[in-house]
S.K.: 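Structure provided below as structure tokens; questions to follow.
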Amino acid sequence: MTESITSLQNARIKNIVKLQEKSAERREQGLVVVEGLREINLAIAAGLALDSLFYCPELTSEAAVAAKGDSVFEITLPVFQKIAYREGSDGAIALFKPKSVWLSELKLSKNPLLIVLEAVEKPGNLGAVLRTADAAQADAVIICDPKTDIYNPNVIRSSVGCVFTTQVVSCTSEELKLWLKEQNITPYAAALPAKQLYHQADFTQPVAIVFGTEANGLTDKWLNKEIPQVKIPMSGKIDSLNVSNSVAIMVFEAMRQRDFK
């Protein structure tokens, strides 16, 4: 039987707010907050374990969710408004147990295309990159030395659920460089000092395109003679693009070189 929650002071409601606000709570409880029917159903399709579902009957129905856990709660509109973290939400929020994927567990195609982000800080940028990865069907997004939580609610929101449709791995730069060598995957560093333009690089082979932060670019871990560098030509007064835009430009150049296959 579905339980009804009407109080803003309900312990479960308070806990959802705590999980949204604090990555330490998400890690400690082993739970992430997912808002929106599309995002919830993508998480279910990706195999994440649904812990609990909260829905507002004034905005949606329980039946709109593809699967259900043992705990389903009907909540009032004021309660939903307390826990909703985006405008125009469709009335459903769920808690999931996240899946951790390691480098050794990545499933690669015959000709891998990997997106690597070093020390990404802004959840919105990570979310936008995940949308590009989904659109291009990149094999994975690998985050080196991350400074943001992969399951930050703003990552889930800005990725429109693509955090669940793409393999996402966190590791150190050292671990990744060793793994790329073992897998015979060529890394390309996106860097302003590069002499080669991005469209001149050979992206038809197994590649990992590595991007740094907008403020500082890549660290010396990726800027050495062993790793070829590429850049996007900039004709204006600003010398760089938003990292998510840079990723989209280079990844779709790789797709063009591969005849969008």
Side-chain angles (χ1 to χ4, degrees), residues 21-28 30 32 98-108 112-134 138-159 162-164 166-194 198 206-232 239-251 254:
E21 295 177 346
K22 299 180 179 179
S23 60
E25 284 291 337
R26 293 193 288 273
R27 289 193 299 270
E28 184 177 333
V32 295
K99 289 199 305 186
S100 295
V101 179
W102 306 100
L103 277 175
S104 59
E105 298 172 331
L106 280 178
K107 297 177 181 178
L108 301 178
L113 171 60
L114 304 172
I115 300 170
V116 179
L117 302 175
E118 185 190 29
V120 62
E121 295 178 300
K122 298 178 181 179
N125 281 342
L126 176 53
V129 168
L130 288 165
R131 291 184 71 168
T132 295
D134 177 82
D139 287 74
V141 173
I142 301 173
I143 305 170
C144 294
D145 312 313
K147 294 186 178 180
T148 190
D149 179 0
I150 293 172
Y151 290 111
N152 181 302
N154 287 323
V155 172
I156 298 172
R157 175 177 60 184
S158 58
S159 76
C162 291
V163 68
F164 306 120
T166 304
Q167 297 183 101
V168 185
V169 172
S170 293
C171 63
T172 67
S173 293
E174 290 76 11
E175 288 171 336
L176 179 57
K177 286 194 287 185
L178 179 60
W179 181 82
L180 290 174
K181 191 171 183 179
E182 293 171 347
Q183 300 295 320
N184 294 314
I185 297 173
T186 301
Y188 280 89
L192 288 175
Y198 74 100
V207 294
I209 312 176
V210 189
F211 301 85
T213 63
E214 293 170 43
N216 302 310
L218 288 168
T219 66
D220 291 341
K221 296 174 185 176
W222 293 98
L223 299 178
N224 57 61
K225 294 181 180 179
E226 296 177 356
I227 299 176
Q229 298 179 13
V230 292
K231 69 178 179 181
I232 298 169
D239 63 4
S240 66
L241 295 170
N242 177 284
V243 65
S244 64
N245 291 336
S246 297
V247 170
I249 289 169
M250 291 202 193
V251 166

S.K.: What pair of heavy atoms forms the shortest contact from Thr166 to Leu130, and how long is it?
M.R.: OG1-O, 4.1 Å

S.K.: Do side-chain atoms of Gln167 reach the backbone of Lys107 as a donor and acceptor pair under 3.5 angstrom?
M.R.: yes

S.K.: Identify the heavy atoms of Ser159 and Arg131 that sit nearest to each other, and give their distance.
M.R.: O-CG, 3.5 Å

S.K.: Please check this pair: side chain of Asn224 against backbone of Ile227, looking for a donor-acceptor N/O pair closer than 3.5 Å.
M.R.: yes

S.K.: To the nearest 0.5 Å, tell me how far Leu241 CG sits from Ser246 OG.
M.R.: 4.5 Å

S.K.: Go through it in stages, so that I can follow the logic: the residues are Leu103 and Ile142, the test is side-chain contact (heavy atoms from CB on, under 4.5 Å), and I'd like the CA-CA distance, side-chain angles, deciding distance and then a yes or no.
M.R.: CA-CA 9 Å; Leu103 277 175; Ile142 301 173; 4.0 Å; yes

S.K.: Would you check, one step at a time, whether the test side-chain contact (heavy atoms from CB on, under 4.5 Å) holds for Asn125 with Asn242?
M.R.: CA-CA 8 Å; Asn125 281 342; Asn242 177 284; 3.1 Å; yes

S.K.: Do Val207 and Leu113 have side chains that get closer than 4.5 Å, going by heavy atoms?
M.R.: yes

S.K.: Is there side-chain contact between Tyr188 and Met250, with at least one heavy-atom pair below 4.5 Å?
M.R.: no

S.K.: What heavy-atom pair brings Ala138 and Ile115 nearest, and what distance separates the two atoms?
M.R.: CB-CD1, 4.1 Å

S.K.: When you compare the side chain of Ser244 with that of Thr132, does any pair of heavy atoms fall below 4.5 Å?
M.R.: no

S.K.: Show me the donor-acceptor pairs, under 3.5 Å and distance only, between side chains in residues 170-181 and residues at least two apart or in other chains.
M.R.:
{"unit_1": "Thr172", "atom_1": "OG1", "unit_2": "Glu175", "atom_2": "N", "d": "3.1"}
{"unit_1": "Thr172", "atom_1": "OG1", "unit_2": "Glu175", "atom_2": "OE1", "d": "3.3"}
{"unit_1": "Ser173", "atom_1": "OG", "unit_2": "Asp145", "atom_2": "OD2", "d": "3.1"}
{"unit_1": "Ser173", "atom_1": "OG", "unit_2": "Trp222", "atom_2": "NE1", "d": "3.0"}
{"unit_1": "Glu175", "atom_1": "OE1", "unit_2": "Thr172", "atom_2": "N", "d": "3.0"}
{"unit_1": "Lys177", "atom_1": "NZ", "unit_2": "Lys221", "atom_2": "O", "d": "2.6"}

S.K.: Please lay out, stage by stage, how Ile143 and Leu126 fare under the test side-chain contact (heavy atoms from CB on, under 4.5 Å).
M.R.: CA-CA 9 Å; Ile143 305 170; Leu126 176 53; 3.8 Å; yes

S.K.: Go through the structure and list residues passing ring pair (Phe, Tyr, Trp, His ring centres under 6.0 Å) with Phe164, not counting sequence neighbours.
M.R.: none

S.K.: Using the side chain to side chain contact (heavy atoms under 4.5 Å, CB included) rule, pick out the option among Leu114, Leu218, Leu117 that qualifies with Val210.
M.R.: Leu218

S.K.: Kindly give the heavy-atom pair with the smallest separation between Asp139 and Pro112, and that separation in Å.
M.R.: OD1-CA, 3.3 Å

S.K.: With a 6.0 Å cut-off (strictly less than), is the heavy-atom count around CD of Glu226, excluding the residue itself, greater than 12?
M.R.: no

S.K.: What donor-acceptor contacts under 3.5 angstrom involve side-chain atoms of residues 147-158, with partners at least two apart or in another chain?
M.R.:
{"unit_1": "Asp149", "atom_1": "OD1", "unit_2": "Tyr151", "atom_2": "N", "d": "3.0"}
{"unit_1": "Asp149", "atom_1": "OD2", "unit_2": "Arg26", "atom_2": "NE", "d": "2.7"}
{"unit_1": "Asp149", "atom_1": "OD2", "unit_2": "Arg26", "atom_2": "NH2", "d": "2.9"}
{"unit_1": "Asn152", "atom_1": "OD1", "unit_2": "Asn154", "atom_2": "N", "d": "2.7"}
{"unit_1": "Asn154", "atom_1": "OD1", "unit_2": "Arg157", "atom_2": "NE", "d": "3.4"}
{"unit_1": "Asn154", "atom_1": "OD1", "unit_2": "Arg157", "atom_2": "NH2", "d": "2.3"}
{"unit_1": "Arg157", "atom_1": "NH1", "unit_2": "Tyr85", "atom_2": "O", "d": "2.8"}
{"unit_1": "Ser158", "atom_1": "OG", "unit_2": "Pro123", "atom_2": "O", "d": "3.4"}
{"unit_1": "Ser158", "atom_1": "OG", "unit_2": "Asn154", "atom_2": "O", "d": "2.7"}
{"unit_1": "Ser158", "atom_1": "OG", "unit_2": "Val155", "atom_2": "O", "d": "3.4"}

